[in-house]
Protein chains: 2
Amino acid sequence: MTPPLHLSLAGQAVDVLREQVLTGEIPPGSRVNEVEVAQKLGISRGPLREAIRHLASEGLLTLVPHRGAFVPDAGPEDVKALFELRTALECAAAELAASRRTDVDLVRLQDVCAESRRNYRAGQPFPYRLDLAFHQTLLDAARSPYIAEQVRLVQQRVVLLRSALGDDPPHQHASMDDHDELVRTIADGDAAKASTVMRRHLSRVCAQMLTSSTH
Amino acid sequence: MTPPLHLSLAGQAVDVLREQVLTGEIPPGSRVNEVEVAQKLGISRGPLREAIRHLASEGLLTLVPHRGAFVPDAGPEDVKALFELRTALECAAAELAASRRTDVDLVRLQDVCAESRRNYRAGQPFPYRLDLAFHQTLLDAARSPYIAEQVRLVQQRVVLLRSALGDDPPHQHASMDDHDELVRTIADGDAAKASTVMRRHLSRVCAQMLTSSTH
DNA sequence: AAACTGCCAACTGTCGACAGTTGACACGTT
DNA sequence: AACGTGTCAACTGTCGACAGTTGGCAGTTT
């Protein structure tokens with residue numbers, strides 16, 4: 001009845017590989033051997049190749065002809081360039097969210113912020129999970145499917161960069177404040193200010209990634 | 001000496017198929033049969049499948065499990081949503097171009113505009129080629145590789161939408177004026193205004209696509 | 001005549017094997 | 001000892017064949 005989200009071996013391989021790349025289980029700079037991984041996953045090279053190409057199209061692997069697939073190893077310039085893209089997309093999303101949000105969108109955003117605060121007071125350092133949830137909720141409110149899709153892909157690459165730079169920072173407090181302010185401007189329907197606040201938020205996050213990186 | 005851009009059959013197939021999809025040679029809504037196309041290209045199904053998946057990742061084909069690949073057929077909502085993405089990206093590019101442009105970037109932009117004018121006076125209706133060249137040149141001036149890549153993909157999808165909507169409009173004069181104004185603001189280094197002008201330009205182009213569509 | 005059921009052809013998903021290329025190692029040369 | 005050359009194993013690129021699924025059509029039932 002439920003059309004199983006992926007029954008295809010290639011689809012499953014995409015999920016498994018993506019997880020392994022994003023968690024750093026396959027470390028940046030390392031190579032992905034087709035036969036080896038295929039055997040490990042218990043599938044043939046065909047579906048695995050499709051999975052590899054798919055992840056490459058998401059920017060999670062880079063393909064070198066006749067050499068294979070590598071987990072990209074990134075430097076500070078990549079962080080800056082990627083955040084230029086992220087800023088373009090998420091500022092636009094913030095603007096759209098400010099003008100399109102419904103009341104339930106607003107409640108959802110406030111809920112995420114509240115949970116972050118609660119979590120923070122409980123001692124935990126603002127898990128990345130909640131940051132993602134916030135941006136995702138904001139994106140839903142923007143109701144722009146193409147922008148949403150691209151943001152999803154960019155955020156994935158940001159996660160990869162984190163592991164590549166050996167950076168695991170709780171940027172915590174400042175980000176929570178940014179999020180709160182963003183929600184307020186979105187509540188007001190102030191598109192221009194939402195964009196400005198988002199830009200400041202992202203430039204702060206970017207700066208922190210650059211300073212806390214081990215390179 | 002020149003490392004041949006693609007020797008791989010899959011790469012060649014991507015080029016051929018992309019061309020056929022973008023020109024409408026394979027009409028929107030139609031299906032891509034793997035064995036048939038593979039035979040026509042004189043290759044096996046493996047490389048062709050990779051090509052199909054690649055084009056799907058660019059948004060030029062949609063994949064349906066166990067059914068195959070289709071050229072997406074689009075409606076007005078798709079145009080609007082896609083232009084939201086395009087606007088986000090190209091406005092950011094315009095801002096960056098305004099602050100990063102070199103003198104030779106400026107000359108290149110002016111050249112493209114001049115050629116458009118010349119072409120227009122010669123009677124020709126501002127070929128799409130020159131419009132693309134302008135946006136491409138502006139993108140080079142922005143020096144933001146990730147944004148540039150995404151814009152390239154979006155522009156491709158716009159071309160596809162044109163063929164899907166049966167729209168082949170010379171928006172000509174207004175666009176040329178927009179381009180000229182954009183170049184002036186970029187020359188001034190006025191990032192904020194560059195973004196504004198770009199936004200107006202794209203909303204105009206989008207509106208024209210919507211009104212002149214046959215649906 | 002409409003609707004349901006079971007079969008069938010066409011096509012995609014997957015596999016194992018072969019061919020061509022790459023980078024590295026060992027050997028010989030200066 | 002440093003450098004150039006030839007060989008080789010490992011891996012990717014490609015192919016043809018098999019298996020499973022889908023949508024449609026014919027036949028049957030009401």
Side-chain angles (χ1 to χ4, degrees), chain A residues 1-21 25-73, chain B residues 1-21 25-73:
Chain A
M1 216 77 289
T2 331
L5 247 23
H6 333 274
L7 20 77
S8 91
L9 296 184
Q12 296 174 239
V14 166
D15 291 344
V16 174
L17 266 187
R18 176 167 22 226
E19 184 73 12
Q20 292 186 347
V21 170
E25 190 172 338
I26 304 178
S30 72
R31 181 173 169 178
V32 177
N33 186 315
E34 290 186 1
V35 299
E36 180 187 331
V37 176
Q39 284 179 354
K40 195 160 294 185
L41 296 182
I43 63 179
S44 136
R45 277 181 57 216
L48 179 65
R49 277 176 70 91
E50 283 187 10
I52 289 175
R53 301 304 160 97
H54 185 89
L55 291 178
S57 80
E58 293 187 356
L60 265 41
L61 291 174
T62 58
L63 264 31
V64 181
H66 294 286
R67 298 277 336 271
F70 297 79
V71 181
D73 203 351
Chain B
M1 215 75 288
T2 331
L5 249 21
H6 345 268
L7 18 80
S8 91
L9 296 184
Q12 296 174 239
V14 167
D15 290 343
V16 175
L17 267 186
R18 171 157 39 215
E19 184 73 12
Q20 292 185 347
V21 170
E25 190 171 338
I26 304 178
S30 72
R31 182 173 166 178
V32 177
N33 185 313
E34 290 185 1
V35 298
E36 181 186 331
V37 175
Q39 284 180 353
K40 194 161 292 185
L41 296 181
I43 63 178
S44 135
R45 277 181 58 214
L48 178 65
R49 277 175 71 91
E50 283 187 12
I52 289 175
R53 301 304 160 98
H54 185 89
L55 291 177
S57 81
E58 292 187 356
L60 264 42
L61 291 174
T62 58
L63 263 33
V64 181
H66 293 287
R67 298 275 340 268
F70 296 79
V71 181
D73 203 351

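Just so you know, these numbers use all the heavy atoms, side chains as well, and skip hydrogens, waters and symmetry mates. On a predicted model such as this, the values are computed, not experimentally measured, just so you know.
- Residues A/Arg67 and A/Leu9 both approach DNA chain C. Their nearest nucleotides, taken by heavy-atom distance, put A/Leu9 toward the 5′ side.
- Between A/Ser30 and A/Pro27, the closest heavy-atom pair is OG-O, 2.6 Å.
- Nearest heavy atoms, B/Leu48 versus B/Ala38: CD2-N, 3.5 Å.
- B/Gly68 comes within 4.0 angstrom of sugar-phosphate atoms only, judged by non-hydrogen atoms across all strands, and of no base.
- On the nucleic acid side, DNA chain C has its first and last nucleotide under 4.0 Å of a heavy atom of chain A at C/dT14 to C/dG23, going 5' to 3'.
- Legend: residues meeting side chain to side chain contact (heavy atoms under 4.5 Å, CB included) with A/Gln20, ordered by chain and number and at least two apart, are A/Val16, A/Leu17, A/Glu25, A/Ile26.
- Contact check of residues 31-45 of chain B against DNA chain D (heavy atom, cut-off under 4.0 Å) returns B/Ile43, B/Ser44, B/Arg45.
- Sorted by first then second residue, the side-chain hydrogen bond (donor to acceptor under 3.5 Å, both in side chains) pairs that include residues 34-44 of chain A, not counting sequence neighbours, are A/Glu34-A/Arg45, A/Glu34-A/Arg49.
- Contact between A/Pro28 and A/Asp73 at its shortest, heavy atoms only, is CB-OD1, 4.1 Å.
- Contact check of residues 50-63 of chain A against DNA chain D (heavy atom, cut-off under 4.0 Å) returns A/Arg53.
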Anything under 3.5 Å between a donor and an acceptor, one on a side chain of residues 55-68 of chain B, the other on a protein residue two or more places apart or in another chain? List them.
unit_1, atom_1, unit_2, atom_2, d
B/Ser57, OG, B/His54, O, 2.7
B/Glu58, OE1, B/Arg18, NH1, 2.6
B/Glu58, OE1, B/Gln156, NE2, 2.9
B/Glu58, OE2, B/Arg18, NH1, 2.9
B/Glu58, OE2, B/His54, NE2, 3.2
B/Thr62, OG1, B/Phe70, O, 3.4

